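The block underneath contains the structure these notes are about, expressed in structure tokens.
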Number of protein chains: 2
Amino acid sequence: MPRAGLTAERVVLAAAELADRVGLDGVTLSALARGFGVRDASLYSHVRNVRDLRTRLTLLAGGELTDRIALAVAGRSGKEALAAFAQAYREYALAHPGRYAASQLPMDQALLAASPTAQRSIEITYAMLRAYDLADPELIDAGRMLRATLHGYVTLEAAGGFGHARPVQTSWERAIDALDLVLRRWPAANSR
Amino acid sequence: MPRAGLTAERVVLAAAELADRVGLDGVTLSALARGFGVRDASLYSHVRNVRDLRTRLTLLAGGELTDRIALAVAGRSGKEALAAFAQAYREYALAHPGRYAASQLPMDQALLAASPTAQRSIEITYAMLRAYDLADPELIDAGRMLRATLHGYVTLEAAGGFGHARPVQTSWERAIDALDLVLRRWPAANSR
DNA sequence: CCAGTTGCCTAGGAAGTATAGGCAACATAG
DNA sequence: CTATGTTGCCTATACTTCCTAGGCAACTGG
């Protein structure tokens, strides 16, 4: 039986492509094995189990998303950086829905803490927010809100949640404006 | 073989409770059948298939969430209504993680359009936003952003995405303040 | 070349989804 | 009450997915 030349990397990449094509739920070891022309049991030589595959996929997609964002915000600050950040984020999610979904999967906290990519993602976000003169602890609050808004937006969009005739792109641009506004005037704790 | 007295409603309710207990992924016809002390095949007398079960679960959870929100905002306006809305939203998600996840599942658009609950949810949201003097098309944009932020927040929270030591409740309160700020000063299209 | 490693396979089992047909509990009409 | 039609349960079965164990030969390195 000649070897098919599989490696863990190749398997994960194929999983990413399959996720984008048929959705994350469609990524099974069985489907991947069929794609490679091998038996499903053969994949266990390269990934430990489905959970291992998903973790690797999460890290791959998270890394890609972070790279995209880093490239987009490089050399920019203020609203320009925010818009670039958000645009890169949404474009990645639109172009790679399965990868994006994988990037947001809950993951073992220890693995997450050990991931250079996760750290980098946080640093890029905070660097951008510091240009709005935000510092601890407002930096944390604002960072969380930013992430929530972006994630919520692309998730609802992907789920067909914006059914109104109003073009989503227009609403998106308004949302970026709104985010810029609150980042410039982040509410203090006693603003109520 | 005496009948176990199952109905579709009972099955869906059990699914909701199981979802909250073990997560939405753990809701299987097999698990439900075990809970009722019947064979899995028996459940097909009450639900057409897994997809039908999920759709019913989505509608149930969506209705509960909408009821909670409606109750919370009744008689309130402005920031008080917003805070009540958001609090009801997050509390439901925290108390019923599986139900909440089910409420956000993509669903057949035709079924969604025919759902009184979905319509009601939209109406409640827009009623609240009108108190901020928002009108079409800003109403749509703002509504989308509100939903995105809330959904993103509770989703990231549930996935353990807010790992920093900063208490999430504090960040949450700041996010509501931020939302109130942008709703009061919703950016116009030419604000750039 | 030889020995050790390992990537493939088969075999098999567990769990979940789903269909078909049978039987008796159930509901309803006369 | 009885007869009849309905249907909720079961068993049997098939398929899919996930996973483990052991065997064999391709592969690697000395």
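In what follows, every chain begins at residue 1, and chains take the letters A, B, ... in the order their sequences are listed. As the structure is a prediction and not an experimental result, all values here were calculated from the model.
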Choose from [options] the nucleotide whose nearest atom is closest to any side-chain atom of [X].
{"X": "B:Thr28", "options": "C:dT17, D:dT20, C:dC8", "result": "C:dT17"}
{"X": "A:Arg3", "options": "D:dC27, C:dT10, D:dC9", "result": "D:dC27"}
{"X": "A:Val38", "options": "D:dC18, C:dC9, C:dG16", "result": "C:dC9"}
{"X": "B:Ser45", "options": "D:dC19, D:dT11, D:dC9", "result": "D:dC9"}
{"X": "A:Met1", "options": "C:dA20, C:dT17, C:dC9", "result": "C:dC9"}
{"X": "A:His46", "options": "C:dG7, D:dC19, D:dC10", "result": "C:dG7"}
{"X": "A:Arg39", "options": "C:dC9, D:dT17, D:dC18", "result": "C:dC9"}
{"X": "B:Leu6", "options": "D:dT20, D:dC9, D:dC18", "result": "D:dC9"}
{"X": "A:Arg34", "options": "D:dT17, D:dA12, D:dT20", "result": "D:dT17"}

Ionic contact status for A:Arg144 with A:Asp141, cut-off 4.0 Å: no
Answer with base, sugar-phosphate or nothing: what part of the nucleic acid does [X] contact at a heavy-atom distance below 4.0 Å?
{"X": "B:Asp40", "result": "base"}
{"X": "A:Arg51", "result": "nothing"}
{"X": "A:Gly26", "result": "nothing"}
{"X": "A:Ala41", "result": "base"}

[atom1] of [X] versus [atom2] of [N]: gap in Å, rounded?
{"X": "A:Tyr44", "N": "D:dG23", "atom1": "OH", "atom2": "P", "answer": "21 Å"}
{"X": "A:Leu24", "N": "D:dT17", "atom1": "CG", "atom2": "P", "answer": "15 Å"}
{"X": "A:Asp25", "N": "C:dT17", "atom1": "CG", "atom2": "P", "answer": "13 Å"}
{"X": "A:Leu43", "N": "C:dT10", "atom1": "CG", "atom2": "P", "answer": "14 Å"}
{"X": "B:Leu29", "N": "D:dT16", "atom1": "CG", "atom2": "C1'", "answer": "15 Å"}
{"X": "A:Leu32", "N": "D:dT16", "atom1": "CG", "atom2": "P", "answer": "17 Å"}

Under a 3.5 Å cutoff, is there a donor and acceptor pairing between the side chains of B:Glu123 and B:Gln119? no
Do A:Thr66 and A:Arg120 pair up side chain to side chain, a donor and an acceptor below 3.5 Å, judged on atom types alone? no
So, is the end of the B:Arg90 side chain (NZ or CZ) under 6.0 Å from the ring centre of B:Trp172 and within 45° of the ring's axis? yes
Nearest nucleotide by nearest heavy atom, which residue falls closer to the 5' end of DNA chain C, A:Gly5 or B:Ala31?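 By nearest-heavy-atom nucleotide position, the 5'-most residue is A:Gly5.
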Measure from the ring center of B:Tyr153 to the ring center of B:Tyr89 and say whether it is less than 6.0 Å. no
